[in-house]
Novice: 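Shown below is the structure under consideration.
This is a predicted model, so every value here is computed, not measured. Reckoned from all heavy atoms, side chains included, excluding hydrogens, waters and symmetry mates.
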Amino acid sequence: MVCTDGVFIIADKRAEDKLLVKESANKIVEIDSHIIASFAGILSDARILIERAQVLAQQHRVTYNSPIETELVIKEIANMQQHSHSTGELDLLVFL
């Protein structure tokens, strides 16, 4: 596939948990209008980080009337993982 004015973000949606509805396991999410994220690992852990990043982006937009810088979102996610002593069971990629 060729794209001249964008990028392709592709994620595998294998749902190995029998208690998880496959269609509900969105692996690509929008953090803000200019930031998307993709993850691999434990869905519940990813949802916590993603929701925190979305709230941070919304608060920044309301407070400063401008979109948040990608670096600030990444730092916040990294700090949350560090504080929770993550064992490396979750990988989160943030794209600009």
Novice: Walk me through it: do V29 and I36 pass the test side-chain contact (heavy atoms from CB on, under 4.5 Å)?
Specialist: CA-CA 6 Å; V29 294; I36 60 172; over 6 Å; no
Novice: Residues in side chain to side chain donor-acceptor pair (under 3.5 Å) with E76, at least two apart?
Specialist: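 Counting only residues at least two positions away or on another chain, E76 forms a side chain to side chain donor-acceptor pair (under 3.5 Å) with R52.
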Novice: According to the ring-ring contact (aromatic ring centres under 6.0 Å, His included) rule, which pairs have a member within residues 56-75, sequence neighbours left out?
Specialist: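 Output for this query lists H60-Y64.
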Novice: Can you check side-chain contact (heavy atoms from CB on, under 4.5 Å) on I50 and Q54, steps first, answer last?
Specialist: CA-CA 6 Å; I50 289 166; Q54 288 171 334; 3.8 Å; yes
Novice: State, to 0.1 Å, how close A57 and I31 come at their nearest heavy-atom pair, and which atoms those are.
Specialist: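 A57 and I31 have their closest heavy atoms at CB-O, 4.0 Å.
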Novice: Keeping H34 on the side-chain end and T70 on the backbone end, is there a donor-acceptor pair under 3.5 Å?
Specialist: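 No, the answer is negative, given that no donor and acceptor are paired below the 3.5 Å cut-off.
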Novice: Show me the pairs that pass salt bridge (charged side-chain N to carboxylate O under 4.0 Å, His left out) and involve residues 56-74, at least two apart or across chains.
Specialist: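 Pairs touching residues 56-74 that pass the test: D32-R61.
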Novice: With sequence neighbours left out, what residues match T63 under side chain to side chain contact (heavy atoms under 4.5 Å, CB included)?
Specialist: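 Scan of T63 (side chain to side chain contact (heavy atoms under 4.5 Å, CB included), adjacent residues dropped) gives none.
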Novice: Hey, does the side chain of S38 reach the backbone of K27 with a donor-acceptor pair shorter than 3.5 angstrom?
Specialist: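 Yes; at least one donor-acceptor contact below 3.5 Å.
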Novice: Is there a path from L72 to I77 through hydrophobic residues (I, L, V, M, F, W, Y) whose side chains come within less than 4.5 Å of each other?
Specialist: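 In one cluster: yes.
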Novice: Test of understanding: clusters of I, L, V, M, F, W, Y form through side-chain heavy atoms closer than 4.5 Å, transitively. Do V55 and I74 belong to the same one?
Specialist: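 In one cluster with V55: I74, no.
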